[in-house]
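Please read all numbers here as calculations on a predicted model, not as lab measurements. Just so you know, ligand 1 is whichever comes first in the structure, and atom 1 is the first atom listed for that ligand. Here, residue 1 is the first one in the sequence, and each next residue gets the next number.
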Amino acid sequence: MSDPIEINPISDACGAEISGVDLSKPLGNEKFAAVHQALLDHQVIFFRDQDLTPEQQVEFSRRFGELRISEQYESLEGYPEIIEIVKEPDSTGIVGNLWHSDESFLPQPALGSLLYILESPEVGGDTMFANQYLAYEALSPGMQEMLLGLNAVHSDASLQKRNAGRALRVKAGAEDRGVFEATHPVVRTHPETGRKSLFVHRPYTIRFENMTVEESAPLLSFLYAHSARPEFTCRFRWQEGSLAFWDNRCLQHYALNDYSGVRRYGHRVTVVGDTPR
Ligand code: SIN
C-alpha cells in the first residue's frame, strides 16, 4: 500500500508542500486528482526528495497538457521538452530574477512550469511566488472595474537583452527572429477555478492596448509594485530533488540571484496554456 498523500500549506497566500507522492511512478487517478486539486487550491505545489529521470518528469508533466518546445533556448540533449535552468559558478545573471509569469508574450502563455532542481546552493537560490488572485481582490472596486476593460501588450524584447551574463544556451537564430508579442486582458479569468487574477508582468508587459508606453507606465508601475506585496507571497527553499509546479495563470514568480561561486542546476518543463480571457 502506498503512503497517504499529505498537503501542507507553506503560507496563507499560496504554496503547499505535498508528501506521499513518488513522481517517478505513474500516479493513479485518485492521487493525480488530489495533486491537480492542490495546484488549483494553492497555485504552486512542491515535492521533495524526488529521484526523477528526464523521461519521468516529462511523463508527469504531460498529464497536465501539451508541452512547449522552446523557441528561445536549446533543450537538454535528447529531450526537446526540457530546458536547463543553470547558473554556473562564474555566471552573473540567472533566469527569472524579475517578477513574471512564464511566456506571457505568447498567444497561449504557459499553463504551468515544472522545475526539478538537481544541484542547489547551500545558501540562497530560493524562488518566491505571488498570488495574483489576491492581488486583484485587494484592489479597490473602482480600480478593479477600470482594469476589467483593459488589455495589455506583452513582448519578449527585454528577455532577449537580458540573456547576457546568463549560462543559458540560446537557440541559433533566436535573436534574429524578431520579438514575440501578444495582447491579453489585464484581468484574466482562470479557466478551471473561474477566479479573476491580475495579469501584468514587469519584464514582458510593455503598454496597455491603444495607449502609448509613456501613458501606460504610471499605472503599470503601480500594478507591478502592488502585485508583489509580501502578503501575497510564499518563498521556497530548494534542495536537491525538489520539484515545484506553479500555475502561471494566477501566479508570478521571482528567482533570487543571491548566491555566487556555486552551481545551481535544474530541468524545466512548460505546459502550454489556453488563450487568456
Ligand atoms: C524561472 O523563472 O523559470 C526560474 C525559476 C527558478 O530558477 O527558480
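Atoms of ligand 1 lying under 4.0 Å from any heavy atom of R264, numbered from 1 in the order shown and given with element: 6 (C), 7 (O), 8 (O). With ligand atoms numbered from 1 in the order given, ligand 1 contributes 7 (O) to contacts under 4.0 Å with heavy atoms of I85. Heavy-atom contacts of R268 reach the following atoms of ligand 1: 1 (C), 3 (O) (cutoff under 4.0 Å). Heavy-atom proximity to G96, at under 4.0 Å, picks out these atoms of ligand 1: 2 (O). Interface of V95 with ligand 1, defined as ligand atoms under 4.0 Å from a residue heavy atom, comprises 4 (C). Ligand 1 places these atoms under 4.0 Å from at least one heavy atom of H253: 1 (C), 2 (O), 3 (O). Atoms of ligand 1 found under 4.0 Å from any heavy atom of A255, numbered from 1 in the order shown, are 5 (C), 6 (C), 7 (O), 8 (O). Under a 4.0 Å criterion applied to the non-hydrogen atoms of H100, ligand 1 contributes the atoms 2 (O).
Between K87 and T92, every side-chain heavy-atom pair lies at or beyond the 4.5 Å cut-off. Between I117 and H267 there is no side-chain heavy-atom pair separated by less than 4.5 Å. A heavy-atom distance below 4.5 Å is found between the side chains of L23 and L243.
Between the Y116 side chain and the Q50 main chain, a donor and an acceptor come within less than 3.5 Å of each other.
When only modelled atom types and interatomic distance are considered, E84 and Y265 share a side-chain donor-acceptor pair under 3.5 Å.
Electrostatic pairing of R264 and E119 does not count as a salt bridge here, judged by no charged N lying under 4.0 Å from a carboxylate O.
Protein heavy atom at the shortest distance from atom 8 (O) of ligand 1 is T127 OG1, 2.5 Å.
Ring geometry for H253 against H100 counts as tilted: the plane angle lies between 30° and 60°, on a 0 to 90° scale. The aromatic rings of F245 and F60 sit perpendicular to each other, their planes meeting at more than 60°, with 30° as the lower class boundary.
The closest approach between any non-hydrogen atom of W246 and ligand 1 is below 4.0 Å.
At a heavy-atom distance under 4.0 Å, no atom of I94 approaches ligand 1.
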